[in-house]
Amino acid sequence: KKNIGILTSGGDAQGMNPCVRAVVRMAIARNCNPYLIYEGYQGLVDGGDKIKAAKWSDVSGFLTLGGTLIGTARCMAFRELEGRRTGVLNLIKNGIDALVVIGGDGSLTGADKLRAEWPSHVEALEKDGRISKESADKYRTLMIVGMVGSIDNDLASTDMTIGASSALTRICESVDAILSTALSHQRAFVVEVMGRHCGWLALNAAISTGADYLFIPEAPPKNDDWETAMCNTLKASRDAGKRTSLVIVAEGAIDRNLNPIKAEYVKDVLAQRLGYDTRVTILGHVQRGGAPVHFDRFLGTMQGAEAVEAILRATPETPSPVIGMLENKITTQPLKEAIQLTGEVAASIGRKDFARAMELRSNAFGQ
Ligand code: F6P
């Protein structure tokens, strides 16, 4: 019988609530004890009433709501060794022997670090007399399961992260709305979408809204004079009768020399070189807000259920897994590898090896 702690961390994402609900209810169904940890890793560090045993009814209504109802934080204290040690103490005090973390790349990196350090924390806490020898013996290892809750769809080893589908739906609705006013005025719009260093949202938004031009970090413009290439493309479609122009810019977009490409600059180029009446819309946090679409409710629920199964299957030797989805199947893979592969994307971009970056993104980016 496992005592399973659940927390959400980093930027919230639609689908986190369905995922928390599924972990709690699957844990109860499998005769385990779920614990809700409030405010992400901060709750782990603070302890006290931030860690509470959960009942079936505590997650009623979670399925359809956006954000994360158990709170999240970008916690500085947890980045320090002492903060993580206090977190370990609070887990042990509550008898928690498995931890489910739902978060993005950074949060899961933190989880992986905690797992690796765990034995040394337990040893130090015993040495300091903060826990007894019996407790130290009982909690020599901690099982950590990661699930990727992030609108960015930026983690390797999964086709889709929880929240990406809802954010993309919101982007499409917003761009559709923008296009109706753009059409009336024959305007050009430059729309900036989120995604941090990942271009998945921008790429999929561009395909789904019929954008004329797109900038993403993994595939910068091949031409150094991309301004001319962009203007030629947009002009050609106007000449063919199109009344609007739409450029989508990922917030992390760069050129081949790794200089940022910003929406305002793109607007100036279009206005000055082509004389288009051009506006910028930065969609911002509206992309992360609101109810999860069907797919994120489904993904969160399936993965949450699998997280509990993964905990029950694990032995002390099992590497911490991350639950994902590949080719429509829920998967369980080593967390460490997923984190390493994800790190390689940024490293490839840093070396200007964009082909490798795209290859690493291939499971989520498709063709
Ligand atoms: O990781 C999710 C995300 O929304 C990114 O797309 C964006 O860059 C970042 O978080 C914004 O962070 P914050 O909510 O802290 O401003």
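Numbering of ligands and ligand atoms starts at 1, following listing order.
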Residue, atom name and distance, where the atom is the protein heavy atom closest to atom 5 (C) of ligand 1: Asp152 OD1, 3.4 Å

Pairwise ring pair (Phe, Tyr, Trp, His ring centres under 6.0 Å) hits with a residue in residues 59-111, at least two apart: Tyr41-Phe78

N/O separation below 3.5 Å, Gly195 to ligand 1: yes

Pair Asp277-Gln186, side-chain contact (heavy atoms from CB on, under 4.5 Å): steps then yes or no: CA-CA 8 Å; Asp277 186 8; Gln186 301 191 57; over 6 Å; no

Option whose closest heavy atom lies nearest to atom 4 (O) of ligand 1, chosen from Arg196, Glu251, Arg288: Arg288

Close-contact set for ligand 1 against Ile151 heavy atoms, below 4.0 Å: 4 (O)

Ring centre gap for Trp118 and Tyr139 strictly below 6.0 Å: no

Pairwise side-chain contact, Tyr213 with Thr233, heavy-atom cut-off 4.5 Å (strictly under): yes

Qualifying residue for salt bridge (Lys or Arg N to Asp or Glu O under 4.0 Å) with Asp212, from Lys242, Arg238, Arg243: Lys242

Protein contact to atom 12 (O) of ligand 1 [nearest heavy atom, distance to 0.1 Å]: Arg74 NH2, 3.0 Å

Which residue and heavy atom of the protein sit nearest atom 16 (O) of ligand 1, plus the separation: His285 NE2, 3.3 Å

